[in-house]
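Notes follow the structure.
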Amino acid sequence: MLLALPVADPSPAPSADCRTDAWCKNVWDLTGSAWFAEGSYWIVLKPLRVALILLLAIAARWALHRTINRLVRTTTEGAVPTMLRPLRERIPSATLEPEQFMPERRRQRAEAIGSVLRSMVTAFVFGIALLMVLKEFSFDLAPLLASAGIAGVALGFGAQSLVKDLIAGLFMLIEDQYGVGDNVDLGEATGVVESVGLRVTTVRDGRGVLWYIRNGEIVRVGNKSQGWALVVVDMPVGFAGTEEATAVLRTAAASVALDPGLAPQIVEEPEVLGVEQITVDGAVIRTVVKTTADGQFAVGRELRRRLAEALENSGITARIAAARLYPGAPTLPPASGGTGTAGAT
């Protein structure tokens, strides 16, 4: 009796990966050839899929970069998108055209933010594309993602100060807290900003010392160069008549506003508020003037000079000095024909 011997299948089935793919399964069903279906799957289909993933990634990156560049360009030209608009427009109220104050500062801020956004988009898009390509070659992504998560947690704990500095720097740029050339008060460091980065801000103080300040360590910012400034001058007038002293100071302050060299830097005309306080030396009268951020120092110096000269020319300064030298002496000159004694002690 003859035994039936098993006959080898001339057309073995393709691999499991090929059978689960619609393209490979259709080719196998049509041709009945496992090697042809397997070959078309690995030689034709896989490279096409990888090429399509890379093309889509490049196209997505190009589209997102184009959007960011257009956003930066419109910001530079003066039409400010809401996303890049500071919390409040810092423009002196005395200016006629706000566009005059948009220039280099806004362009630098927009380009810095655009550079950060482009880098983030590139990393995000090509990171996803890399994972999809690895999946096409049957890599197990679970261990890779788990390792990346552990590495991210370790990096977050080990470099949390660096991450804090970068995030603080990014929000500082978006909110336009300060820029190059601004006169700022950052706590221990007060001076002019020389450079602004995502991690470090450099400030040179009045003595020429260059301070390197990490953005994550800045908890408050006092910016003296944005918008307008208020110059406050307190002038002692002794025990002279406050009405007389106020009139003298008001005339001197008004002359500052009429100065053609200082008028463009004055937002509102100077105002003599009146007696601010009473000290042992007499009354102190306060004068204020609102100026542009850049003109506050020049206007302040000139205002103090003219107020001091006005008090001296009116004789009030001499009466203040006499009262300090001879306590109890009358502040007004004695009547004609008097002895001139003042009851000094």
Side-chain angles (χ1 to χ4, degrees), residues 23 44-91 95 97-137 139 141 144-145 148-149 151-152 155-156 159 162-182 193-202 214-216 218 221 223 226:
W23 167 276
V44 179
L45 184 61
K46 286 291 184 181
L48 287 178
R49 285 182 176 177
V50 171
L52 181 61
I53 291 172
L54 295 178
L55 288 176
L56 290 177
I58 293 174
R61 176 182 175 273
W62 176 83
L64 292 174
H65 278 208
R66 180 180 175 85
T67 303
I68 295 172
N69 291 334
R70 180 174 297 178
L71 190 66
V72 172
R73 186 171 58 254
T74 55
T75 302
T76 303
E77 293 172 354
V80 187
T82 303
M83 189 179 103
L84 292 180
R85 186 175 301 161
L87 296 181
R88 59 179 181 177
E89 291 295 339
R90 303 172 175 89
I91 300 174
T95 59
E97 296 294 335
E99 292 77 7
Q100 297 174 358
F101 288 84
M102 301 290 176
E104 189 68 11
R105 176 190 180 88
R106 176 163 288 168
R107 184 189 65 80
Q108 291 178 355
R109 184 170 64 96
E111 289 184 354
I113 298 175
S115 176
V116 174
L117 292 178
R118 284 191 294 267
S119 299
M120 293 175 60
V121 164
T122 299
F124 180 75
V125 170
F126 282 109
I128 294 179
L130 177 62
L131 294 178
M132 295 178 67
V133 170
L134 292 177
K135 184 178 179 181
E136 287 296 325
F137 289 101
F139 279 90
L141 299 181
L144 180 62
L145 295 177
L155 181 63
L162 176 62
V163 176
K164 179 182 177 182
D165 295 339
L166 294 177
I167 294 177
L170 180 60
F171 276 99
M172 179 273 298
L173 286 173
I174 293 176
E175 296 172 358
D176 192 22
Q177 297 176 7
Y178 53 83
V180 175
D182 285 356
V193 178
E194 290 202 348
S195 67
V196 176
L198 283 179
R199 193 181 73 85
V200 172
T201 296
T202 58
R214 288 166 38 204
N215 293 328
I218 300 175
V221 177
N223 196 323
Q226 289 181 339

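In this structure, H65 and R118 approach most closely via the heavy-atom pair NE2-O, 3.2 Å. Taking all atoms of both residues into account, the shortest heavy-atom contact from V221 to Q177 is CG2-OE1, 3.9 Å.
One N or O on the side chain of T202 and one on the backbone of S195 form a donor-acceptor pair closer than 3.5 Å.
To the nearest 0.5 angstrom, L173 atom CG is 8.0 Å from Y178 atom OH. Between I128 atom CD1 and L56 atom CG the span is 12.0 Å, to the nearest 0.5 Å. Rounded to the nearest 0.5 Å, atoms CG (L170) and CE (M120) are 7.0 Å apart. L117 CG to L64 CG: the interatomic distance, rounded to the nearest 0.5 Å, is 10.5 Å. Rounding to the nearest 0.5 Å gives a distance of 4.5 Å between CG of D165 and CZ of R214. Distance check: L198 CG to N215 CG gives 7.5 Å after rounding to the nearest 0.5 Å.
The side chain to side chain contact (heavy atoms under 4.5 Å, CB included) check on I58 picks up F126, with sequence neighbours excluded. Legend: residues meeting side chain to side chain contact (heavy atoms under 4.5 Å, CB included) with I53, ordered by chain and number and at least two apart, are A129, M132, V133, E136. R199 meets the salt bridge (Lys or Arg N to Asp or Glu O under 4.0 Å) test with no other residue; sequence neighbours excluded.
The side chain to side chain donor-acceptor pair (under 3.5 Å) analysis of residues 54-63, with sequence neighbours excluded, yields the pairs R61-T122.
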message: One pair to check against side-chain contact (heavy atoms from CB on, under 4.5 Å): M172 and I218. What are the steps and the verdict?
response: CA-CA 10 Å; M172 179 273 298; I218 300 175; over 6 Å; no
